[in-house]
Amino acid sequence: VAALQLLTELVTVSEDGPDTRRKVHRSDLLAACTDSIDAAGALRQLISSRLVTSDSYGVELTHEALLHAWPRLADWLREDRANAVLRQRIDKDAREWDQHDRDRSLLYRGLRLESALAWTADHSNRILPTTRAFVTAAEKHGRAVRLRGRVLVVALTVLAIVASVAAVTAHFQRAAATDQRNAAQYAELLAQASRAQVSDPSRSAQLALTAHEGRPDDAAAYTMTVAT
C-alpha cells in the first residue's frame, strides 16, 4: 500500500493526455501517504532499487518509461485514475491559493466544494497540510456566506413587515382623519340648519336634508329633516 501511494503521488495523471512523472518534495510525498513510517521505508527500497531518484529538490521516478514499461504501476494508475485526477486538481488549486496569499476569491464553492469535502472525508490520512487548510477555509467561507444570506433574508423580511405595518397605519390614520373631517362637516350642517329654522325654514330644510343624505342612519339629521 505504501509503495502504491508513493508511486501514484509521483505521477501527474492526465485527464485527456499521457501521464507524466513529477517531482515531489520528500516531506509532501510522505505526508500524502496513509502511514508516513511505512512510506519512508518503502521509499528507501524504491530508491535502492533505482526505481525512484531523490535529491535536495525532491523525489521523482527515475525514468518516465516506467509509466508504460512497468505493468504493475500502469495497473495502479488505471485503477486509481479518477481519484488521482481529483486529488491532483485539488492539490494544484490549494497551492495556487497559498501562493496568492490565500485569496478568498480562489476558494471552492458549490459543487466543487462539495466534491472536495467528500474526497477529504474519504482520504483524511492522505491530505497535504496546504490542501487541508484550503478545503477547511473554503468550508468556513461557505458557511459564512450562507449565514450572511440567511441574515439578509431575515433583515429583508423584517423591513417588509415594518413597511407593511407602516402602510396599514398610514391608511387607518388617513381614514380616521377623513372620518373626523366628515363628522365636523356634518355637525356644522346640523348647526346651520338649527340656526336657520326660524329665520329661514327653507334653507334649514335644505341643510338638514344634505346632512341626512350624508348620514342617512343618523337620527339627528332625520329628525331635523322631518321637523322642517
Side-chain angles (χ1 to χ4, degrees), residues 1-47 51-68 70 73-74 76-146 148:
V1 175
L4 181 155
Q5 292 176 351
L6 287 169
L7 291 168
T8 54
E9 285 293 328
L10 295 174
V11 179
T12 296
V13 179
S14 174
E15 296 183 68
D16 52 8
D19 297 339
T20 57
R21 62 176 177 165
R22 66 171 181 154
K23 180 169 285 190
V24 182
H25 194 276
R26 180 186 289 261
S27 61
D28 288 342
L29 181 61
L30 296 177
C33 297
T34 304
D35 189 323
S36 59
I37 296 177
D38 287 348
L43 180 60
R44 285 193 296 271
Q45 292 180 7
L46 291 171
I47 292 173
L51 295 171
V52 168
T53 301
S54 177
D55 57 30
S56 59
Y57 297 101
V59 180
E60 65 179 343
L61 292 174
T62 303
H63 300 288
E64 195 151 305
L66 288 171
L67 296 172
H68 314 288
W70 190 1
L73 177 57
W76 282 344
L77 293 174
R78 183 172 56 255
E79 292 170 0
D80 197 48
R81 178 166 296 276
N83 176 63
V85 168
L86 178 58
R87 181 182 71 249
Q88 291 177 12
R89 184 186 303 128
I90 297 173
D91 286 344
K92 176 179 176 296
D93 293 339
R95 288 193 300 272
E96 182 180 356
W97 168 74
D98 192 49
Q99 291 165 1
H100 286 81
D101 297 324
R102 303 197 167 191
D103 186 350
R104 286 190 303 178
S105 66
L106 298 177
L107 292 172
Y108 283 174
R109 296 172 177 79
L111 293 177
R112 295 181 71 187
L113 175 57
E114 292 179 12
S115 178
L117 288 172
W119 178 80
T120 53
D122 292 336
H123 303 83
S124 58
N125 295 327
R126 296 187 60 187
I127 304 173
L128 297 174
T130 300
T131 301
R132 186 182 299 278
F134 172 69
V135 176
T136 300
E139 184 179 21
K140 289 181 179 178
H141 181 63
R143 285 200 300 265
V145 170
R146 290 192 296 273
R148 286 198 296 269

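Below, each value reflects all heavy atoms present in this structure, side chains not excepted, and no hydrogens, waters or symmetry copies.
Nearest heavy atom pair, residue A39 against residue L6, reads O-CD1, 3.3 Å. For the residue pair L66 and L51, the shortest heavy atom distance occurs at CD1-O, 3.5 Å. Considering every non-hydrogen atom in both S54 and R26, the closest pair reads OG-NH2, 2.9 Å. The shortest non-hydrogen separation linking V11 to L7 is CG2-O, 3.3 Å.
For the atom pair CG (L113) and NE2 (H141), the distance works out to 10.0 Å, reported to the nearest 0.5 Å. Atom CG of residue D91 and atom CG of residue L128 lie 4.5 Å apart, to the nearest 0.5 angstrom. If you take CG on L73 and CG on L61, they are separated by 6.5 Å, rounding to the nearest 0.5 Å. A distance of 8.5 Å separates CG in D93 from CG in L106, rounded to the nearest 0.5 Å. Taking CD1 of I90 as the reference point, atom OG1 of T130 lies at 13.5 Å (rounded to 0.5 Å). The CD atom of Q5 sits 9.5 Å away from the CG atom of D38 when rounded to the nearest 0.5 Å.
Taking the side chain as every heavy atom from C-beta outward, V145 and R109 never approach each other to under 4.5 Å. Residues L117 and E114 form no side-chain contact, since every pair of their non-hydrogen atoms from C-beta on lies 4.5 Å or further apart.
Between the side chain of T120 and the backbone N or O of A116 there is at least one donor-acceptor pair closer than 3.5 Å. Proximity of a side-chain donor or acceptor of T8 to a complementary backbone N or O of L4 within less than 3.5 Å is detected. Side chain of D35 to backbone of I37: a donor-acceptor contact under 3.5 angstrom is found. At distances below 3.5 Å, not a single donor-acceptor pair connects side-chain atoms of R87 with backbone N or O atoms of I127.
None of D55, V59, L10 except one satisfies the side-chain contact (heavy atoms from CB on, under 4.5 Å) rule with K23; the exception is D55.
For the side-chain hydrogen bond (donor to acceptor under 3.5 Å, both in side chains) test, no residue two or more places apart in sequence or in another chain qualifies with S36. Residues passing the side-chain contact (heavy atoms from CB on, under 4.5 Å) test with T20, sequence neighbours excluded: T12, E64. For D98, the side-chain hydrogen bond (donor to acceptor under 3.5 Å, both in side chains) partners are R102, not counting sequence neighbours. Remark: V85 engages V13, E15, R81, R89 in a side-chain contact (heavy atoms from CB on, under 4.5 Å) (not counting sequence neighbours). A search for side-chain contact (heavy atoms from CB on, under 4.5 Å) contacts involving A40 returns L30, R44, not counting sequence neighbours.
Other residues, nucleotides and ligands contribute only 12 or fewer heavy atoms inside 6.0 Å of the NE2 atom of H63.
Residues in residues 77-104 take part in these ring-ring contact (aromatic ring centres under 6.0 Å, His included) pairs, two or more places apart or across chains: W97-F134.
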